[in-house]
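Before any comments, here is the structure.
Each residue takes its place number in the sequence, starting with 1. Values in this document were obtained by computation on a predicted structure and should not be read as measured data.
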Amino acid sequence: NVIVSRPGTARAPLLQVSTGRQEGTPQEANGREGAGRESQRPTGRATTGYHAWDLFFGSANRLLRMGVQQGRTLTEADAEDTLPQDWPRNARDKLLAVCEERRRAGLPESLKRSILQAWWPLLSASSFLHLIEVVLNFVPPLIIKSIVYFVESGDTNVARGIMLALVFAIVPLAQSIFMCHFIINCRRVGMRTWGATSCLVFEKTLRLS
C-alpha cells in the first residue's frame, strides 16, 4: 500500500493505492495491521487538548498494551497524533503574530523575547512544576529522620507509623510526576520553537531563491 497523508497529521490519507499483495515479513504485516486500525482509533484526544488523565500519562497505556503483545511490533501508525498547537505551521503563525504585535507596539525586534511572549503560559507552568519538584527533594530526608526516630523510640502509635510510610511512598511518586511533566512541557516549547523557526527560515529561502 502507498499512502499519502496531509502534512502535520497521520490521519485521513489523501490517496491510498493498494497493490493487492499481502505477503511479506512479519514487520510488514504488523504495519498493515496498524494502518488498518488507523481508521478505528478515536481521534478526540488529539484534537481536544489537555485532559486530566494526562497527569498520569494515560495516553501511553494503549501503546504499552500493544507493545507487550506476542509478535506485535509497534509502527509509526500506532503513535499518537501531535496536538494542533504543537504543529510547526501553527507555531509559525503564533510566532509571527507575536512579532507583529511587538512591532505595532513599538517594541524592539527580538526573536528570544517573541518566543518567550508566545509561549509564556507553558514556560510558566514548567517553571512552577520544576519549583515543586525541587522543594520535594528536601522532604524525603526529613521523613527518613522521622521514621528512624519512630523506630528507635519504640513508639507504638500504628497510625503515625502508617502515615510516615505513606508519605515516604507518595512523595517520590509526586516528585516523579512533576519532573516528567516539567520535562515534557520544556520539550513541547522546544518543539514549537524549532518548528516555527524552521518554517520561517525555509520560507525566507524560497523568497530569496
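- Ionic pairing of Glu100 and Arg103 is present here: one or more N-O contacts between side-chain nitrogen and carboxylate oxygen are shorter than 4.0 angstrom.
- Proximity of a side-chain donor or acceptor of Arg192 to a complementary backbone N or O of Pro88 within less than 3.5 Å is not detected.
- Cluster membership check: Val148 shares its hydrophobic cluster with Phe168, using side-chain heavy-atom separations under 4.5 Å among Ile, Leu, Val, Met, Phe, Trp and Tyr.
- In this structure a side-chain-to-backbone donor-acceptor pair under 3.5 Å is present from Thr197 to Trp194.
- Scanning both residues, Arg89 and Cys199, for their nearest heavy atoms gives N-SG, 4.4 Å.
- Atom CD1 of Ile170 and atom CG of Leu136 lie 12.0 Å apart (nearest 0.5 Å).
- Nearest heavy atoms, Asn137 versus Pro140: O-CD, 3.6 Å.
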Q.
Between Arg102 and Gln117, is the side-chain contact (heavy atoms from CB on, under 4.5 Å) condition met? List the steps.
A. CA-CA 10 Å; Arg102 290 179 57 86; Gln117 184 176 341; 3.4 Å; yes
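- With rounding to the nearest 0.5 angstrom, the OG atom of Ser146 is 6.0 Å from the CZ atom of Arg160.
- Put simply, Val139 and Ile144 are part of the same group of oily side chains (I, L, V, M, F, W, Y) that touch within less than 4.5 Å, one to the next.
- In this structure, Asn185 contributes its side chain and Ser126 its backbone to no donor-acceptor pair below 3.5 Å.
- Atom CG of residue Asp155 and atom CD of residue Glu152 lie 12.5 Å apart, to the nearest 0.5 angstrom.
- Across Phe138 and Leu142, no two heavy atoms sit closer than the pair O-CG, 3.5 Å.
- Of the possible donor and acceptor atoms, one in the side chain of Ser114 sits under 3.5 Å from a partner among the backbone N and O of Ser110.
- Residues Ile115 and Leu200 are members of one and the same hydrophobic cluster, defined by side-chain heavy-atom contacts under 4.5 angstrom among Ile, Leu, Val, Met, Phe, Trp and Tyr.
- Atom-to-atom distance recorded for Ile177:CD1 and Glu133:CD is 12.0 Å, nearest 0.5 angstrom.
- To the nearest 0.5 angstrom, Ser127 atom OG is 7.5 Å from Phe182 atom CZ.
- More than 12 heavy-atom neighbours from other residues, nucleotides or ligands sit within 6.0 angstrom of CZ on Phe150.
- Residues Thr193 and Leu95 fail the side-chain proximity criterion, which asks for heavy atoms closer than 4.5 Å.
- Annotation for Trp119 and Ala196: closest pair CH2-CB, 4.3 Å, computed over non-hydrogen atoms.
- Within the 4.5 Å cutoff, the side chain of Asn90 has no heavy atoms near those of the Gln85 side chain.
- The structure places NZ of Lys145 at 13.5 Å from CG of Leu164, a figure rounded to the nearest 0.5 Å.
- Leu107 and Leu116 fall into different hydrophobic clusters, where Ile, Leu, Val, Met, Phe, Trp and Tyr are joined by side-chain heavy atoms under 4.5 Å apart, directly or via other members.
- Contact of the Leu131 side chain with the Phe178 side chain is not registered, since no non-hydrogen atoms from C-beta on lie closer than 4.5 Å.
- Cluster membership for Val98 and Leu96, using ILVMFWY side-chain heavy atoms within less than 4.5 angstrom, is not shared.
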